[in-house]
Amino acid sequence: MYGKINGTSVSLCEIADDKEFDRVLVMGSKTPVDTTGCPFSFDIDESGATGAWSKGADNHPVTLKKVASLDDTGDGKIDGTVEIPFWAQTATDRFARIYAKTDAGICMEKLLVISKRSKKVVQEIAFDDEDCDAGMLMTPIYMNVQKQTEKTVEIISVNFRGGGAGCSMDYAFSPKTKKYHKMVN
């Protein structure tokens, strides 16, 4: 999703395909984003947002309740448990990150592997990362986990900032254990 905030009003558009994702979020634009015709419109306040999703003749009310917040400006502030999904996913799992405030700043504390079928966390991957680099390389934070398949093995890569261009740590899915395991180079 992408959109605009104007005071307490928010307009959000849904990304329909990879081409639109690249155009809007990866490449970006020098001109302001056009949110005319975006299906979501909200008014936000301290407790959440209220508004509607409208497309053609369909119009549905939407109410969002604030459960957590993250402010990564200045000293950084986290209220509640902040879980942000990653763009990458497999046929059976999706991935999200949990943020925590540490002495090094706001950090990705762990990566959650969430079963699409059960909608439950099936694995937590923690990082030995005192410098707070895990999942902090790509500017759009939801792109810091990537997926590839090599010879029928599903691999997820977690990006780490640091060392100039950063680096990644790969985890391969084991059908035997039904878990992702860190790959050794």
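Grouping the Ile, Leu, Val, Met, Phe, Trp and Tyr side chains by contacts below 4.5 angstrom, directly or via other members, places Phe86 apart from Tyr99. Grouping the Ile, Leu, Val, Met, Phe, Trp and Tyr side chains by contacts below 4.5 angstrom, directly or via other members, places Val62 with Ile5. One hydrophobic cluster holds both Ile84 and Leu70 under the rule that ILVMFWY side chains link at heavy-atom gaps under 4.5 Å.
The shortest distance between side-chain heavy atoms of Leu112 and Arg97 does not fall below 4.5 Å. Proximity of Glu83 to Ile114: side-chain heavy atoms (C-beta onward) are separated by under 4.5 Å at one or more points. In this structure, Leu64 and Lys66 have side chains that are not in contact, with every pair of non-hydrogen atoms separated by 4.5 Å or more. Under the 4.5 Å side-chain criterion, counting only non-hydrogen atoms from C-beta, Thr90 is not in contact with Phe173. Put simply, the side chain of Thr92 does not reach to within 4.5 Å of the side chain of Lys116, judged on heavy atoms. Side-chain contact between Leu111 and Val145 is present, with at least one heavy-atom pair separated by less than 4.5 Å. Counting only heavy atoms from C-beta outward, the side chains of Tyr171 and Ile155 never approach each other to under 4.5 Å. You'll find the side chain of Ser157 stays beyond 4.5 Å of the side chain of Met169, heavy atoms only.
Although no hydrogens or angles enter the test, the distance criterion places a donor-acceptor pair under 3.5 Å between the side chain of Lys179 and the main chain of Val122. Remark: the backbone N or O of Asp133 is not paired with any side-chain donor or acceptor of Asp131 at under 3.5 angstrom.
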- Task: Please lay out, stage by stage, how Asp170 and Ile156 fare under the test side chain to side chain contact (heavy atoms under 4.5 Å, CB included).
- Result: CA-CA 6 Å; Asp170 296 333; Ile156 57 169; over 6 Å; no
- Query: Are Tyr180 and Phe95 close enough, and set up right, to give a side chain to side chain contact (heavy atoms under 4.5 Å, CB included), and what steps lead you there?
  - Reply: CA-CA 12 Å; Tyr180 289 88; Phe95 307 96; 3.6 Å; yes
- Item | CA sep, side-chain torsions, deciding dist, call: Lys147, Thr149, side chain to side chain contact (heavy atoms under 4.5 Å, CB included) | CA-CA 7 Å; Lys147 182 204 94 144; Thr149 303; 3.9 Å; yes
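Distance CH2/Trp87 to CZ/Arg94: 13.5 Å, rounded to 0.5 Å. Atom NZ in Lys55 sits 10.0 Å away from atom SG in Cys38 (nearest 0.5 Å). The distance from atom OG of Ser11 to atom CZ of Phe42, rounded to the nearest 0.5 Å, is 9.5 Å.
Within 6.0 Å of atom CG in Asn6, 12 or fewer heavy atoms from other residues, nucleotides or ligands are found, so the atom counts as exposed in its surroundings. The neighbour count for Asn59 CG, taken as heavy atoms of other residues, nucleotides or ligands under 6.0 Å away, is above 12.
The two atoms that bring Met136 and Cys132 nearest to each other are CG-O, 3.6 Å, heavy atoms only. What you find for His181 and Ser174 is that their closest heavy atoms are CD2-CB, 3.6 Å. Scanning all heavy atoms of the two residues, the minimum distance from Ile106 to Lys77 falls at CD1-N, 3.7 Å. Nearest heavy atoms, Pro39 versus Glu14: CG-OE1, 3.3 Å. Between Val82 and Ala68, the shortest heavy-atom distance links the atoms CG2-CB, 3.9 Å. Between Met108 and Ala134, the shortest heavy-atom distance links the atoms CB-O, 3.2 Å.
Checking Ser168 against Asn159 by side-chain atom types alone, no donor-acceptor pair falls below 3.5 Å. Residues Asp43 and Ser9 bring a donor and an acceptor atom of their side chains to less than 3.5 Å of each other.
Taking 4.0 Å as the cut-off between side-chain N and carboxylate O, Glu154 and Lys178 do not count as a salt-bridged pair.
Remark: Phe160 pairs with Phe127 by the ring-ring contact (aromatic ring centres under 6.0 Å, His included) rule, at least two apart or across chains.
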